[in-house]
Amino acid sequence: MTTSDTPTHDTAQVEALRERMIERLWAVNALRTQPVADAVRAIPRHVFAPEFPLEKVYDPKAVLKTKVDEDGQATSSVSATWIQTLMCERADIHSGMRVLEIGTGGYNAALISELVGPTGQVTSIDIDPEVTARARTLLAQAGYADRVNVVLGDAEHGHPDGAPFDRIIVTVAAADIPPAWTDQLVDGGRLVLPLRIRGFQRVYAFTHHTGGLLVGETGDHAGFVPMQGLGAPAPTIVPVTDAVSLTTDATPVPAPDLLPEVFAAPARDQLTGVRIGRNAYFGGLQMWLATTLPGFATLSGDADVLGEATMGVHQTPAVWTGTSLAYLLLPKVSTDPDQWEFLARGHGPDAAVLLTTLVEHVQRWDRDHRTGPGPRFLAHPDLPSDTTQVIRTRHTRFVALWDQRDTPQLDWEADPEK
Ligand SMILES: C[S@@+](CC[C@H](N)C(=O)[O-])C[C@H]1O[C@@H](n2cnc3c(N)ncnc32)[C@H](O)[C@@H]1O
């Protein structure tokens, strides 16, 4: 179906489905304030996804894939309503604000437009001309033609012509924060984005402080499509076997040629004593290991090779030192079919030391952070790297703050070099 073939729908059915969706969004805490609920109620979501059945359009969990590449991977979509409303809530958008949306679909821009009202401004930028053309057509059909400025471009540069912005909402997975986004955000402004930290994607709401320091809160789990263009992720992937690879941000990778040999060497196992229910979420543990474990990497590949206990086929937390490898598995505990226990497996001459480190990290997460909100992040191009483990990307230094009492008192105003 093309965007010009707008099907007609029974208004009462649309309203009933939309009210049900709103109820569910409140129930799961993806709606928190009345203005965001009113925005959802005001917008005909089906106009932005004419090729999908109404039930799917108004299912708050459904991602509506509108474009896929030759491998069948989505490159554009109308995101699930729950993440759209949650990100609007996290962004704390008020009447009269100027907002930049990165990644266009139409519906989310309409939501933002409702929140900023007639005195605000919404710009939505997308790298794909088919996406911008479609969004312009659908926004016009829904009555938002004059309220959203759709721009074609690579978000790496932001949108200087519309800056400064009070809010920037990124709706495509970002592995970095390019300088343009911070430069184009007012002091005190918010940048809400799905950030990929060492392979793990979470939505953070960053506040812009004086001196370009960003402080990011929350960390909602998310699964946005990858960034294209200048900000496309470029992880280092090292083959381990035909079916398994190691992804790392260490450059150069220590002894990549040795990795297959070490992986094939006999394994040592050590149980952690930390158990988890069968379908329980352990994203907090992944983020804890990714931000605190020296030499952190992820193993991905065939579950048959890594074993059925793989923690998510694509992202098994691992450590590679150049001579030894350790990683975390999650086998069933035989005495209780609903309980699983994290198990560390190691290969190579330093396997015993790596296993001890990995097990201690898992136990510390269990003791101190299992029920916590996860880390806050500091982000800045030049964060000092003396005390804390710093995650470096092309443009940014990130520091995870796991202990809320341990917040470094950064004062960029006092920096004589500023
Ligand atoms: C999930 S979709 C956007 C969803 C949309 N905000 C909505 O209303 O639900 C992500 C979009 O990001 C776009 N994108 C990817 N890389 C980009 C880049 N570097 N600059 C701008 N847009 C980009 C894709 O073309 C895609 O349309």
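Computed from a predicted model, the values in this text were never measured in an experiment. One-based numbering, in listed order, for ligands and for the atoms of each.
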Here the pair of heavy atoms bringing Leu185 nearest to His208 is O-ND1, 3.0 Å
Give every pair formed by an N or O atom of ligand 1 and a protein N or O atom closer than 3.5 Å, one pair per line with both atom names and the distance to 0.1 Å, or write none.
unit_1	atom_1	unit_2	atom_2	d
ligand 1	6 (N)	Glu101	OE2	2.8
ligand 1	6 (N)	Gly103	O	2.9
ligand 1	6 (N)	Thr171	OG1	2.9
ligand 1	8 (O)	Asn108	N	3.2
ligand 1	9 (O)	Ser79	N	2.9
ligand 1	9 (O)	Gln84	NE2	2.8
ligand 1	16 (N)	Gln228	N	2.9
ligand 1	19 (N)	Asp154	OD1	3.0
ligand 1	19 (N)	Gln228	O	2.9
ligand 1	20 (N)	Ala155	N	2.9
ligand 1	22 (N)	Ile127	N	3.1
ligand 1	25 (O)	Asp126	OD1	2.7
ligand 1	25 (O)	Asp126	OD2	3.4
ligand 1	27 (O)	Ser76	OG	2.6
ligand 1	27 (O)	Asp126	OD2	2.6

Ionic contact status for Arg41 with Glu15, cut-off 4.0 Å
no
Just to verify, what does Arg202 make a salt bridge (charged side-chain N to carboxylate O under 4.0 Å, His left out) with, not counting sequence neighbours?
none
Could you tell me which residues satisfy salt bridge (charged side-chain N to carboxylate O under 4.0 Å, His left out) with Arg136, sequence neighbours excluded, listed by chain and number?
none
Applying salt bridge (charged side-chain N to carboxylate O under 4.0 Å, His left out) to Arg364 and not counting sequence neighbours gives Asp368
Atom NZ of Lys67: over 12 foreign heavy atoms under 6.0 Å:
yes
